[in-house]
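Below: the structure, in structure tokens.
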Protein chains: 2
Amino acid sequence: MTYNHTIYAVLGALTTECRTGYAIKQLIDQSLNHFWKISYGQIYPALKQLVTDDLATIEHISEEGKPQRKEYHLTQKGEDVLKKWLEKPIDQIPTEKNEVLFKLFFARHLPMEHTIRHLREYQKRLQDQYSTYKGIENMLLTNHPKDTDLTYWLITLDYGKRTTQAAIEWTEVTLDTFLKG
Amino acid sequence: MTYNHTIYAVLGALTTECRTGYAIKQLIDQSLNHFWKISYGQIYPALKQLVTDDLATIEHISEEGKPQRKEYHLTQKGEDVLKKWLEKPIDQIPTEKNEVLFKLFFARHLPMEHTIRHLREYQKRLQDQYSTYKGIENMLLTNHPKDTDLTYWLITLDYGKRTTQAAIEWTEVTLDTFLKG
DNA sequence: CCTACCATGTAATTCGTTACATGATTAT
DNA sequence: ATAATCATGTAACGAATTACATGGTAGG
């Protein structure tokens, strides 16, 4: 039996304190945002399937003064399925679809101003992204200094910082060649 | 009227000497491979739509001793639609889905060997990718020294090289922390 | 002969986003 | 009041991959 990435993402999220679909969405948005995205349209059907396939149990909870919610917990089978997948070698290096490079490539016979504008805009966004990473990093270091998970979180952040920094440097040298060359 | 990226990719390809669906696939696989992918299942329906919408003309060609083929040429309208899109600001910075970071994040309570294995495997692939970029670069510099398109090709290659190099460095420092720390 | 390459296409399936729909609670 | 947050879901749509199906030509 083979599952898709969404299932593993939800299984993974359920190894943390996240117990509801809502909380899973939050976790992934906040912690994995720069290398993984997910929508409610994926999460809720996935949770349903987990229960059907005995990978998780569901618990309906109605607490006084709180909205009704459904808490999910991994079963042994669920943990096994996740672990097995985590051990498996990585399939593909997926190609990121980069619209800037795409436009750059096909704009080679068009006026250079457009390209320069795109590059400046892209640079700005990359810089914002970099600032966001730094912000999260500082937040983590001051607010969660004991957490053992911290290391792993910082490692994925470091990846984002390094690749973003490299992309920023690319925009700099590329803008230089266009403006000076 | 708004089109999807596939349409623009095919329009863009038709600004080069590519005239058939087969040639378009080859161009994108060879030149845009590190930031764009496409399949025949996208190309042929797109070409059909281009003709329907008057963005391209079709020409059935039967040459002696050659397989039958269909040559497409951009119309003025096609060129206009492409140019207009190329000028438009970039929508989104899409999040690349990174399975290594994903597994790393969720494997934080699992034995470290798995993670180290994944990192080494990833590093190897990144190094291969980097070599490929260098290979293409050298090929371009020796074989197409006059081409004006060359600059743009080299620029997109440079992006790939820089971000890949940054990712390689990340694997190095991360492996270090796991092995020494 | 057989493999590689040139060439075109469709259908099924999977995957993901977006819009829609609902409703309780908390803080301002 | 009302906005923000917590909470759950479905339906429609769009996009992309994969498998399938076909057939010619060139070179070893």
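Just so you know, these numbers come straight off a predicted model, no measurement behind them. Convention: sequence-line order gives letters A, B, ...; per-chain numbering from 1. Note that these values count all heavy atoms, side chains included, but never hydrogens, waters or copies made by symmetry.
Grouping the Ile, Leu, Val, Met, Phe, Trp and Tyr side chains by contacts below 4.5 angstrom, directly or via other members, places A:Val173 apart from B:Trp153.
A donor-acceptor contact closer than 3.5 angstrom is absent between the side chains of B:Lys134 and B:Asn138.
Listed pair B:Ser39 / D:dA16 fails the phosphate criterion, with no side-chain N or O lying under 4.0 Å from OP1 or OP2. Close to D:dA15, at under 4.0 Å from its OP1 or OP2, lies no side-chain N or O of B:Thr6. A close approach under 4.0 Å does occur between a side-chain nitrogen or oxygen of A:Gln42 and OP1 or OP2 of C:dT17. In this model, the phosphate group of D:dT10 is approached by a side-chain N or O of A:Lys48 to a distance below 4.0 Å at OP1 or OP2. For the OP1/OP2 pair of C:dA7 and a distance below 4.0 Å, the side-chain nitrogens and oxygens of B:Gln26 include no atom meeting the criterion. B:Tyr40 has no side-chain polar atom (N or O) that falls below the 4.0 Å cut-off from OP1 or OP2 of C:dG9. Contact between the side-chain N/O atoms of A:Lys97 and the OP1/OP2 oxygens of D:dA16 is found at a separation under 4.0 Å.
Counting non-hydrogen atoms of neighbouring residues, nucleotides and ligands closer than 6.0 angstrom, the NZ atom of A:Lys77 exceeds 12 such neighbours. Atom CD of A:Gln30 has more than 12 neighbouring heavy atoms from other residues, nucleotides or ligands inside a 6.0 Å radius.
Within 4.0 Å of A:Tyr3, counting heavy atoms only, lies no atom of the nucleic acid at all.
Which of C:dA7, C:dC15, D:dT5 sits closest to the side chain of B:Thr20 comes down to C:dA7. Closest approach to the A:Arg69 side chain among C:dG9, D:dT8, C:dC5 is made by D:dT8 (side chain taken as heavy atoms from C-beta onward). The listed nucleotides are C:dT25, C:dG9, C:dT17; the one nearest the side chain of B:Tyr44 is C:dG9.
Atom CD1 in B:Ile28 sits about 14 Å away from atom C1' in D:dA16, given to the nearest Å. Rounded to whole Å, the distance from CG on B:Asp29 to C1' on D:dT17 is 14 Å. When the C1' atom of D:dA7 is taken as reference, atom CG of A:Leu47 falls 12 Å away, rounded to whole Å. A straight line from CD1 of A:Ile43 to C1' of D:dC6 spans 14 Å, rounded to a whole angstrom. Atom CD1 of B:Ile7 is separated from atom P of D:dG14 by 13 Å (rounded to the nearest Å). Distance, B:Lys66 NZ to C:dC6 P: 11 Å, rounded to whole Å. Between the NE2 atom of B:His60 and the P atom of C:dA7 there is a distance of 15 Å, rounded to whole Å. When the C1' atom of C:dA7 is taken as reference, atom NZ of B:Lys25 falls 14 Å away, rounded to whole Å.
Ion pair A:Arg69/A:Glu63 flagged as a salt bridge, since at least one NZ, NE, NH1 or NH2 atom sits closer than 4.0 Å to an Asp/Glu carboxylate oxygen.
Projected onto DNA chain C by closest heavy-atom contact, A:Asn4 and B:Gly21 fall at different nucleotides, the more 5' of which corresponds to B:Gly21. Judged by closest nucleotide on DNA chain C, B:Arg19 is the one of B:Arg19 and A:Gln68 placed further toward the 5' end.
In this structure, B:Arg108 forms a cation-pi arrangement with B:Phe105, its terminal cationic atom sitting closer than 6.0 Å to the ring centre and no more than 45° off the ring axis.
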